[in-house]
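This is a predicted model, so every value here is computed, not measured. Residue numbers count from 1 along this sequence.
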Amino acid sequence: MKIFLALSKKIAVLFSYAGSIAILSMMLLVVADVATKYLFNDPIDGTTAIVASYFMVALVFLPLAAVTISSGHLFVELFTQKMTPKSRHLLDLSNDLIILAYLLFISVCTSIEAIRRTKEGEAWETAADLMPVWPSRWFLPLGLAAMATVIVYRIFRHFQNKQDLGHKSQ
């Protein structure tokens with residue numbers, strides 16, 4: 001179990017760094033595009049397509065596991081704060097089971113779509129040429145599957161009655 005946790009954390013950190021690189025690259029590209037547009041009247045071709053198809057998708061989906069580990073998702077405890085610890089534990093367990101089912105379903109669906117788009121060689125038209133965007137289709141199943149590994153670990157922890165990953169201590 002500790003190996004599974006260590007692997008999940010390493011993947012989460014790696015994907016989080018990839019998301020950080022994506023946001024930094026997006027920032028640099030947009031600044032360069034604006035600068036070349038106003039200084040030389042020649043913007044960088046494909047900036048919008050690159051930002052929309054690669055950088056934004058990467059920065060949203062790749063860090064999901066790290067956000068889950070660090071309890072970065074929103075928790076609204078308006079109705080649950082007065083529940084008994086046992087009731088909250090059961091609610092958290094059922095919530096994690098539903099989240100896992102949803103993540104697995106969406107991971108499979110996005111994987112099928114990524115395979116299809118990869119085979120097609122999906123590309124978007126830019127002002128100058130066609131830009132391949134099929135590689136960015138893989139960010140979704142990878143990010144969602146990484147988050148699912150964290151949820152699986154949390155479910156095992158629920159059954160051990162220990163909740164130290166991805167939840168506030170109760």
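Contact detail for V133 and S53: the closest heavy-atom pair is CG1-OG, 3.5 Å. Across all non-hydrogen atoms, the minimal contact from T149 to A146 is OG1-O, 2.5 Å.
Under the 4.5 Å side-chain contact rule for hydrophobic residues, M27 and I23 do not share a cluster. Note: the hydrophobic cluster containing L100 also contains F156 (ILVMFWY, side chain heavy atoms under 4.5 Å, direct or indirect links). Hydrophobic cluster membership differs between L130 and Y54, with clusters built from Ile, Leu, Val, Met, Phe, Trp and Tyr side chains linked at under 4.5 angstrom. Cluster membership check: Y17 does not share its hydrophobic cluster with V150, using side-chain heavy-atom separations under 4.5 Å among Ile, Leu, Val, Met, Phe, Trp and Tyr. Hydrophobic clustering places I155 together with F105 (ILVMFWY residues linked when any side-chain heavy atoms are closer than 4.5 Å, directly or through intermediates).
Using a 4.5 Å heavy-atom cutoff, the side chains of R154 and T68 are in contact. Side-chain atoms of K119 and R116, non-hydrogen and from C-beta on, never get closer than 4.5 Å to each other. Contact check for T110 versus L144: side-chain heavy atoms found under the 4.5 Å cut-off. No side-chain heavy atom of F61 sits less than 4.5 Å from a side-chain heavy atom of L142. Between T48 and V51, every side-chain heavy-atom pair lies at or beyond the 4.5 Å cut-off.
The CD1 atom of I151 lies 11.5 Å from the CD1 atom of I98; values are rounded to the nearest 0.5 Å. In this structure, the separation between CZ on R117 and OG on S136 is 10.0 Å, given to the nearest 0.5 Å. In this structure, CG on L24 lies 9.5 Å from CZ on F55, to the nearest 0.5 angstrom. Separating the CG atom in D92 from the CZ atom in R88 is a distance of 7.5 Å, to the nearest 0.5 Å. Between T118 atom OG1 and R137 atom CZ the span is 9.5 Å, to the nearest 0.5 Å. Taking CE from M147 and OH from Y102, the interatomic distance works out to 10.0 Å, rounded to the nearest 0.5 Å.
No more than 12 heavy atoms of other residues, nucleotides or ligands sit less than 6.0 Å from atom CD1 of I3. Shown here is M131, whose CE atom has more than 12 heavy atoms of other residues, nucleotides or ligands within 6.0 Å. Heavy atoms of other residues, nucleotides or ligands lying less than 6.0 angstrom from CD of Q81 number more than 12.
One N or O on the side chain of D33 and one on the backbone of I44 form a donor-acceptor pair closer than 3.5 Å. A distance-only check finds a donor-acceptor pair linking the side chain of T36 to the backbone of D42 [under 3.5 Å].
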